[in-house]
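Here is the naming used below: chain letters follow the sequence lines, and residue numbers restart at 1 for every chain. The figures that follow rest on heavy atoms only: side chains count, while hydrogens, waters and symmetry mates do not.
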Amino acid sequence: MLIQILLVIAVVALLVMLARSTADARHQAITRLAIGLFFVAALGTILWPHALTRVAQLVGVGRGTDLLLYGLVILFIAQVARSHRRSNELQRKITVLARQLALSEARHNGGQVAADRQPRDR
Amino acid sequence: MPTTAHEDTWVVIPTFNEATVVADVVATVRTHFPHVVVVDDGSRDGSAEAAASAGAEVVVHPINLGQGAALQTGLAYALGRGAAYVVTFDADGQHRIEDAVSMVDRAKGEGLAIVFGSRFLDGRTRPGWLKSVVLRTAVWVTNKSTGMSLTDAHNGLRVIRSDAARQIHLEQDRMAHASEIVLQLHRTRLPWAEHPVHIHYTEYSRGKGQSLWNSVNILVDLLIH
């Protein structure tokens, strides 16, 4: 069915997009355009609910609500992947920060344990 | 007693909650290498104090970051202190100091920039069959992804010359760093060798060693990052 092809394409496209760096301007622009498109589509389905069903039938899905569900699943996966990437980036920064802190403290103490060191409690 | 034979060599020992063994390991290492840096990766059991009391210099991560991160910190510290050779050594007592010494001697004697310890070059080390399967899978994945032909991928005992060590930038904080370090060292194009080493599978190291679960995590870390 057409919907399956479309969904597979969407998933792959999202994966490719997310696999690339999030830092560049183009990626940010695409994300914003996608969000804009999403809002237009959302408004459209609110104002003309039957249009969604017609679109759904066009791609081989019975009801508009089903199409909406599929769309949501994809967005959810995209969000999970996105937050995973974000947390990895954050972890990397924390590592660099903690290392600098540890090294400068060690230099300061001549490689000895600081006398006032507070053991981490959690 | 520390000798002056290895003045240019720093031994890096990453540790996380290993207060019961790290002092003994440091003391043993210091019988041959005067310079030891223990990177305490946010331990809560006084590992840092134990290591310092045994004569190691100590770098303390304020939070637990993972063994890969600790290794990178130790490399940075050792290079900052002017190390010509860095030895990476596990804190749990599974490595033998004799192996480290002969690896450093070999690196110097043969002009090698990297010497990897391998427990599979001879028949001395006998891991259980399940551990053997896990380790050989790790070797296979590492060789496939790095284009090298090592016999043992996840051996914590390595000798790295400073020019090679400077090119290591580990980003895999957790266990996948063992493959990452091989990949980055391979990219340096510097001369390397594998050296047969013996591993003590003590009750202690068995309790902490790589389980089958851990190898799944390593694979996922390698594939998704």
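- No side-chain heavy atom of B:Thr73 sits under 4.5 Å from any side-chain heavy atom of A:Thr95.
- When heavy atoms are compared at a cutoff of 4.5 Å, B:Ala51 does not approach chain A at all.
- Between the CD1 atom in A:Ile94 and the CG atom in B:Leu65 there is a gap of 8.5 Å [rounded to 0.5 Å].
- Both the backbone and the side chain of A:Gln91 have a heavy atom closer than 4.5 Å to some heavy atom of chain B.
- Nearest approach of A:Arg99 to B:Ala69, heavy atoms of both residues: NH2-O, 2.9 Å.
- In this structure, CD on B:Glu57 lies 6.5 Å from CD on A:Gln112, to the nearest 0.5 angstrom.
- What you find for A:Ala106 and B:Val58 is that their closest heavy atoms are CB-O, 3.8 Å.
- Using a 4.5 Å cut-off between heavy atoms, A:Leu103 contacts chain B through both its backbone and its side chain.
- A:Glu105 contributes atom CD, which lies 11.5 Å from atom NE2 of B:His61 (distance to the nearest 0.5 angstrom).
- When all heavy atoms are compared, the tightest approach of B:Pro62 to A:Ala98 is CD-O, 3.7 Å.
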